[in-house]
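Below: one structure, written as structure tokens.
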Amino acid sequence: MLTMKATTYVRQSRQRGDESQGSPEARRKQTRALIDSRGWTFVEHYQDLGASGYDPTAARPRLDAALAAIAEGRAVYRLDRLTRRGVGEATRIVDELRRNGASFVSAYEPSTTSARN
């Protein structure tokens with residue numbers, strides 16, 4: 001049986017230092033809990049803090065690194081943490097994941113799950 005591997009990614013336009021639900025740490029914990037609850041193997045966590053998901057010129061180097069390191073899975077806190085550039089870019093990223101044998105999973109929006117288990 002093939003073990004699902006998962007990489008997590010969070011993005012935040014403005015870095016917050018608190019422990020609220022919207023904090024990067026809370027998002028990391030929530031995506032990790034999803035991975036653990038499904039029995040997947042955690043690989044690595046990536047985050048871009050202070051990176052716009054809307055501005056097409058904004059650099060998101062950790063997203064680029066995560067996409068380059070895809071194994072078999074990914075979990076993000078919420079789709080809008082991946083991108084705010086619209087459905088076109090979200091589709092492009094999900095298509096790239098699928099070409100690499102990966103799936104997109106959101107810890108917040110279960111209807112976006114396209115992974116096994």
Side-chain angles (χ1 to χ4, degrees):
M1 177 182 207
L2 183 63
T3 301
M4 177 71 80
K5 297 177 186 173
T7 298
T8 60
Y9 173 78
V10 298
R11 181 200 56 77
Q12 189 169 57
S13 296
R14 293 189 182 108
Q15 187 171 353
R16 295 168 60 160
D18 62 33
E19 286 297 315
S20 69
Q21 181 178 354
S23 73
E25 182 61 16
R27 293 172 183 169
R28 185 196 62 75
K29 287 178 181 177
Q30 193 166 15
T31 54
R32 184 61 191 266
L34 173 67
I35 290 166
D36 294 344
S37 75
R38 298 214 177 162
W40 297 344
T41 300
F42 173 74
V43 177
E44 190 168 352
H45 175 74
Y46 297 88
Q47 65 183 26
D48 283 317
L49 302 179
S52 172
Y54 179 75
D55 180 357
T57 64
R60 293 178 293 171
R62 300 305 295 160
L63 174 59
D64 295 339
L67 291 172
I70 291 169
E72 293 179 340
R74 161 182 304 281
V76 297
Y77 174 72
R78 222 166 59 190
L79 183 58
D80 71 349
R81 299 297 89 197
L82 182 62
T83 184
R84 287 189 184 231
R85 296 178 190 167
V87 72
E89 187 188 39
T91 301
R92 180 192 63 77
I93 291 170
V94 170
D95 286 346
E96 184 175 340
L97 291 169
R98 287 188 179 140
R99 278 192 303 275
N100 287 286
S103 299
F104 172 83
V105 178
S106 170
Y108 187 79
E109 302 148 327
S111 64
T112 60
T113 301
S114 64
R116 299 179 301 264
N117 288 359

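Numbering starts at 1 and runs along the sequence shown.
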query: Partners of Pro61 by side-chain contact (heavy atoms from CB on, under 4.5 Å), sequence neighbours excluded?
result: Asp48, Ala59
message: Which residues pass the side-chain hydrogen bond (donor to acceptor under 3.5 Å, both in side chains) test with Arg28, not counting sequence neighbours?
response: Glu25
- request: Check step by step if side chain to side chain contact (heavy atoms under 4.5 Å, CB included) holds for Gln12 and Arg27.
  value: CA-CA 10 Å; Gln12 189 169 57; Arg27 293 172 183 169; 3.9 Å; yes
- request: Considering non-hydrogen atoms only, spot the tightest contact between Phe42 and Thr8 and give its length.
  value: CE1-OG1, 3.8 Å
- prompt: Is Arg62 reaching over with its side chain to a backbone N or O of His45, donor-acceptor style, under 3.5 angstrom?
  reply: no
field: Minimum-distance pair of heavy atoms, taken over all atoms of Ala51 and Arg60
entry: CB-CG, 3.9 Å
field: Which residues share a side-chain contact (heavy atoms from CB on, under 4.5 Å) with Asp55, sequence neighbours left out
entry: Ser52, Thr57, Ala58
- prompt: Partners of Asp95 by side-chain contact (heavy atoms from CB on, under 4.5 Å), sequence neighbours excluded?
  reply: Thr91, Arg98, Arg99
message: Run the salt bridge (Lys or Arg N to Asp or Glu O under 4.0 Å) test against Arg32 and tell me which residues pass, sequence neighbours left out.
response: Asp36
